[in-house]
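Here's the structure we're looking at; comments come further down.
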Number of protein chains: 2
Amino acid sequence: MVGARRCFARNGFHATSMQDILKEVGLSAGAVYRYFSGKEELIEAIAEEAFSVLHDAFDEAARQSPPPLPDELLGYVLRQCFAGTGFDTEREFGQLVLQVWGETTRNEVLGAKVHAAVTMMRAGWTEVVKEYQRQGIMPDDVEPEYAARTLMGCAMGFIAQQALFGDLEIDQLQQGLRGVMRMQVTGAS
Amino acid sequence: MVGARRCFARNGFHATSMQDILKEVGLSAGAVYRYFSGKEELIEAIAEEAFSVLHDAFDEAARQSPPPLPDELLGYVLRQCFAGTGFDTEREFGQLVLQVWGETTRNEVLGAKVHAAVTMMRAGWTEVVKEYQRQGIMPDDVEPEYAARTLMGCAMGFIAQQALFGDLEIDQLQQGLRGVMRMQVTGAS
DNA sequence: TTGTCAAGAAGGAATGTTCGTTTTAGTTTG
DNA sequence: CAAACTAAAACGAACATTCCTTCTTGACAA
């Protein structure tokens, strides 16, 4: 399973052959097909595992009370993701997530699950933003859901950058985000 | 070419067969192979086209003087991307970009190009942040490159969300980002 | 202790299919 | 006439999957 993950992260779901995986995990075809009915099932299993790491991290972060400021919140999410479950590197996790997002277009079953999960995640983060507003930290004229999507997008963008380069530290995102949060803009732009 | 793009966006590079493309574009094998030596070349051509839309948008946005505030900057980038070159929908563009990012791991040639391009883009955006600091809009104790990466990540995250759901408006990101920019935080968190 | 046996696990060659690509000969189009 | 294209067949390679064999294990009886 961990070997299949490595293969998929490296080469993508559909450019990875079963033989690639068999070689990586050092098993024969018969052994693998005892546990998975086929490649599609293996893909779904690994995609759902990776996505649930994402899901749990976002959900758990939003449940903190009182909610930490955005920089802490994103730092928490990302650290949780990468600490998740035994990925070799942070980059590998990002690469796999990228594959999962791509697969979402193709696989309707996976797509429905991701859609439902993200809707839930978004609701949690929207509540966080509302709490910011209650505390007077975030201006009231901002639609909470939009701010929530923006913050989630920020985290997603970090994961994408991590996948592409692997040379990005969470502290750097936090510092950058703090900079944006503390900008001296009065009205809007 | 536009047909191949549609196929790749829908099913990914490697789950799309040549036959799929031939059917979509209504050409025979002989016609396509007159212009592309093979599938790999077709993939690279379309990947580079999609990525160059991204690249041009980011670069052009950073060259504006004086630089607009982040919300305007990101709005400009994303509108430029989606207006780019004849994609059917904004979502289709996002899906293709996701595929390109995923392919970057696999294809070293493409990976090197993307890496070089992003390094350039990052430099331009870092200059924008330095200009913010010169104008006293952005606090000085923030490493400009980190803030640049954060903003770029925010745009990348929007594209990813667009690919996954297609139900996101650029104005919403802008409003959300404005909210983050105007948060009432004094020190840090 | 030793031998037996059943069942689960893994091996690995074989299978049929699909894929990317090439080739051929004929057809349209400017 | 020439360039571009079609249609269809054919190719080997690569692929996912199957099927039968072999190995391992643990319970149990002699």
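Proteins get letters first, then strands, A, B, ... in listed order; numbering begins at 1 in each. Here the structure is a predicted model, which means the values were calculated and not measured.
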Exercise for the section: With heavy atoms under 4.0 Å as the rule, sort B/Ser28 into base, sugar-phosphate or nothing. Expected result: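 Answer is base: heavy atoms of B/Ser28 come under 4.0 Å of a base.
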
Practice task
Would you indicate what B/Phe36 reaches in the nucleic acid, counting non-hydrogen atoms under 4.0 angstrom: base, sugar-phosphate, or nothing?
Solution key: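 Answer is nothing: B/Phe36 stays at 4.0 Å or more from every strand.
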
Within this structure, what is the [atom1]-to-[atom2] distance between [X] and [N], rounded to whole angstrom?
X       : N      : atom1 : atom2 : answer
B/Met18 : C/dG20 : CE    : P     : 6 Å
B/Lys39 : D/dA14 : NZ    : P     : 15 Å
A/Ile21 : D/dA16 : CD1   : C1'   : 11 Å
A/Lys23 : D/dA16 : NZ    : P     : 13 Å
B/Asp20 : C/dT21 : CG    : P     : 14 Å
B/Leu27 : D/dC5  : CG    : P     : 7 Å
A/Leu22 : D/dT18 : CG    : C1'   : 13 Å
B/Gln19 : D/dC11 : CD    : P     : 17 Å

Exercise for the section: Decide yes or no for B/Met183 and A/Tyr132: does some side-chain heavy atom of the first lie under 4.5 Å from some side-chain heavy atom of the second? Expected result: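 The answer is yes; the side chains approach within 4.5 Å.
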
Practice task
Using atom types as modelled and distance alone, determine if a side-chain donor or acceptor of A/Glu143 lies under 3.5 Å from a backbone N or O of B/Gly176.
Solution key: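 No; zero donor-acceptor contacts below 3.5 Å.
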
Handout entry: Side-chain (B/Thr104) to main-chain (B/Val100) donor-acceptor, under 3.5 angstrom
Key =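 A pair under 3.5 Å: yes.
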
Handout entry: A/Arg91 to A/Phe165, cation-pi by 6.0 Å centre distance and 45° axis angle
Key =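 Verdict for A/Phe165: no cation-pi partner in A/Arg91.
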
Exercise for the section: Return no unless some side-chain N or O of A/Tyr33 is found under 4.0 Å from OP1 or OP2 of C/dG11. Expected result: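 Answer no for this pair, as no side-chain N or O of A/Tyr33 is under 4.0 Å from OP1 or OP2.
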
Practice task
On the 0 to 90° scale, with breaks at 30° and 60°, tag the B/Phe58-B/Trp125 ring pair as parallel, tilted or perpendicular.
Solution key: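 Judged by the thresholds at 30° and 60°, the geometry between B/Phe58 and B/Trp125 is tilted.
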
Exercise for the section: Quick one: sort the A/Phe158 and A/Phe82 rings into parallel, tilted or perpendicular, breaks at 30° and 60°. Expected result: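 Tilted: the ring planes of A/Phe158 and A/Phe82 meet at 30° to 60°.
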
Practice task
Counting heavy atoms from C-beta on, name the nucleotide in D/dA4, C/dG20, C/dA10 closest to the side chain of B/Tyr35.
Solution key: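 Looking only at side-chain atoms, B/Tyr35 lies closest to D/dA4.
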
Exercise for the section: Using a cut-off of strictly less than 4.0 Å between a heavy atom of the residue and any atom of DNA chain C, enumerate the qualifying residues of residues 5-16 of chain B by number. Expected result: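 Correct list: B/Thr16.
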
Problem - Residue whose closest nucleotide on DNA chain C lies nearer the 5' end, A/Gly26 versus B/Ala29 - result: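 The 5'-side residue here is A/Gly26.
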
Exercise for the section: Dump the intermediate steps for side chain to side chain donor-acceptor pair (under 3.5 Å) on B/Gln174 and A/Tyr146, then the final yes or no. Expected result: CA-CA 8 Å; B/Gln174 291 188 288; A/Tyr146 300 167; over 6 Å; no

